[in-house]
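We name chains A, B, ... by the order of the sequence lines, and we start the count at 1 in each one.
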Number of protein chains: 4
Amino acid sequence: MAGSVNKVILVGNLGKDPEVRMSQAGAKIVSFTLATSDTWNDRASGERRERTEWHRVVIFNDRLADVAERFLRKGRQVYLEGSLQTRKWTDQGGQERYTTEVVLAAFRGELTLLDSRPDGETGGQYGAAPERRQAAPAYGNTGPVDEISF
Amino acid sequence: MAGSVNKVILVGNLGKDPEVRMSQAGAKIVSFTLATSDTWNDRASGERRERTEWHRVVIFNDRLADVAERFLRKGRQVYLEGSLQTRKWTDQGGQERYTTEVVLAAFRGELTLLDSRPDGETGGQYGAAPERRQAAPAYGNTGPVDEISF
Amino acid sequence: MAGSVNKVILVGNLGKDPEVRMSQAGAKIVSFTLATSDTWNDRASGERRERTEWHRVVIFNDRLADVAERFLRKGRQVYLEGSLQTRKWTDQGGQERYTTEVVLAAFRGELTLLDSRPDGETGGQYGAAPERRQAAPAYGNTGPVDEISF
Amino acid sequence: MAGSVNKVILVGNLGKDPEVRMSQAGAKIVSFTLATSDTWNDRASGERRERTEWHRVVIFNDRLADVAERFLRKGRQVYLEGSLQTRKWTDQGGQERYTTEVVLAAFRGELTLLDSRPDGETGGQYGAAPERRQAAPAYGNTGPVDEISF
DNA sequence: TTTT
DNA sequence: TTTT
């Protein structure tokens, strides 16, 4: 291919504290959902309308995963750059499903905190430490990382 | 929300000629899939690896839908800007499914042709006129447009 | 040219209240400077270093000029998209000079307020109404707008 | 600063072969000018108008400097991401001047070739090897690199 | 599930 | 001239 670009730029707010996991190889993986909101005037009704879009974000970049684990909490506003990736998985009924995620791959992507908070480590509304779980055994895992659930 | 951004920037090649449809309101809607390719060196094996990502693109912007219908053909390289939108639909088994698309909404988005071709309308590898179908009847349609299939 | 893109994306803080002017054609033009900050670890000294970059922003887009006039004030944090434009001017000594600006042209660009303030119109640190001046007579004006000074 | 973003995205064509220099520290620095073209309908005259914008690009990122040296030639179309940087210099008359550049800093930025050419090293319209000069002695240089001229 |  |  003669060169391609796959870039997503989001500014939004986290719906929950990020989830922190380890890959089988021992790398930290941080995931969360990010809300963006689009507002427009409906031309038919003339009403002001709003639509919230939820984005699944997964961070493989070590440095940014550390930043995310330490400073991101539910409600925080963040700027990020990643790329679109759709992965296939099989649901409990054996059906193929697809999920599209915004991925900050190793050595790639950007993450910038936009709202200044007193101290992301300690406090207040944003203070609950994000849950950390061991990676589940990866039976039949074909993706770049063990099953990520939101 | 204190301001949000939902932006996708892609440079890639069309997998097929675009599909042109009409909304119930009579607006032209153009959709296609776009391939981007990511290459990297696998750190474990040291091998050069490549992954092609397929993006579903839907254009509601009238002006850009016209450009897309006239000039985009299978294989053409294009730069575009849109926003991420995930819509819910129900499959034939009654199961809820989600599809994420890159949407160029009314009065929004960008579309730029990157490879110069003699004439998108007439010729060669890119010449087949894109299929145009009437919009299907919209039973139970809740999304912003009648079911879009790729 | 086979398609080109000229896009700037900035998130930063206004150095001063915006300046509002009118073009000869009666269109509102809003301009301001925006600070972005880059921090990095100096590899030689190991020290943490910071560099502030100042960007000249000019808004010709009517809708966004209105938003900027009403809500932007010194210190506010904003996300914007524009394009790079370098214009030539002649200094008092008759020397040719060049100034590069981030331009939000008519019907183009984006502007999103990122920090929520109680009320941009009334208050506090951000409250001073931006200065509004009549456009100066445009003798010898060759650019897209009468001389813009920061 | 509560997080900032300084990003430029360009798709354009090189005006000349790139110039390759070495910093005092022995790092390769590649610079060139890139043309983007904006076309619009003049609302007063109704005429189609076009404006070409020239951007000064400087690459400090080692990996991308290598790619640029090897593959970029006059006329080639490229996608790149960098950040805006304005540096001050003194002209021969002792006057302070400012030049704004699109900088791909160390470990940052993106560069993607968009038009496929048989072989950037050998051939045809794009074939002239880029000039390589030793860095000039850096008397009084205060910027991040010895004087860059286009 | 966020935010205004 | 901003911001942390």
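A donor-acceptor contact closer than 3.5 angstrom links the side chains of C/Ser37 and C/Glu50.
Protein atom CZ of A/Phe32 is 16 Å distant from nucleotide atom P of E/dT2, rounded to whole Å. Nucleotide E/dT1 holds its P atom 12 Å from the OH atom of B/Tyr98, rounded to whole Å. Across the protein-nucleic acid pair, A/Gln77 atom CD and F/dT3 atom C1' stand 15 Å apart, rounded to whole Å. At whole-Å resolution of the value, CZ in A/Arg73 and P in E/dT1 are 20 Å apart. Rounded to an integer number of Å, the gap from OH of C/Tyr79 to P of F/dT2 is 25 Å. E/dT1 atom P lies 21 Å from atom CG of A/Leu10, rounded to whole Å. When the P atom of E/dT2 is taken as reference, atom CZ of A/Arg76 falls 17 Å away, rounded to whole Å. E/dT3 atom P lies 10 Å from atom CG of A/Asp115, rounded to whole Å.
With E/dT1, E/dT2, F/dT2 as the candidates, the nucleotide lying closest to the side chain of C/Asn13 is F/dT2. Here F/dT2 is the nucleotide among F/dT2, F/dT4, E/dT4 with the atom lying nearest to any side-chain atom of C/Thr52. Side-chain proximity of C/Lys16 to the nucleotides F/dT1, E/dT2, E/dT4 is greatest for F/dT1. For A/Glu50, whose side chain is taken as the heavy atoms from C-beta onward, the closest listed nucleotide among F/dT2, E/dT2, E/dT4 is E/dT4.
Qualifying salt bridge (Lys or Arg N to Asp or Glu O under 4.0 Å) partners for A/Asp66, counting only residues two or more places apart in sequence or in other chains: A/Lys28. The salt bridge (Lys or Arg N to Asp or Glu O under 4.0 Å) check on A/Glu81 picks up A/Lys7, D/Lys7, with sequence neighbours excluded.
The ring of C/Trp54 lies on top of the base of F/dT1, close enough and flat enough: under 5.5 Å between centres, under 30° between planes.
With respect to the salt-bridge test (charged N to carboxylate O, under 4.0 angstrom), the residues D/Glu53 and C/Arg87 do not qualify. Remark: A/Glu101 does not engage A/Arg56 in a salt bridge, criterion side-chain N to carboxylate O under 4.0 Å.
Under 3.5 Å, the side chain of C/Ser37 and the base of F/dT3 form no donor-acceptor pair of N or O atoms.
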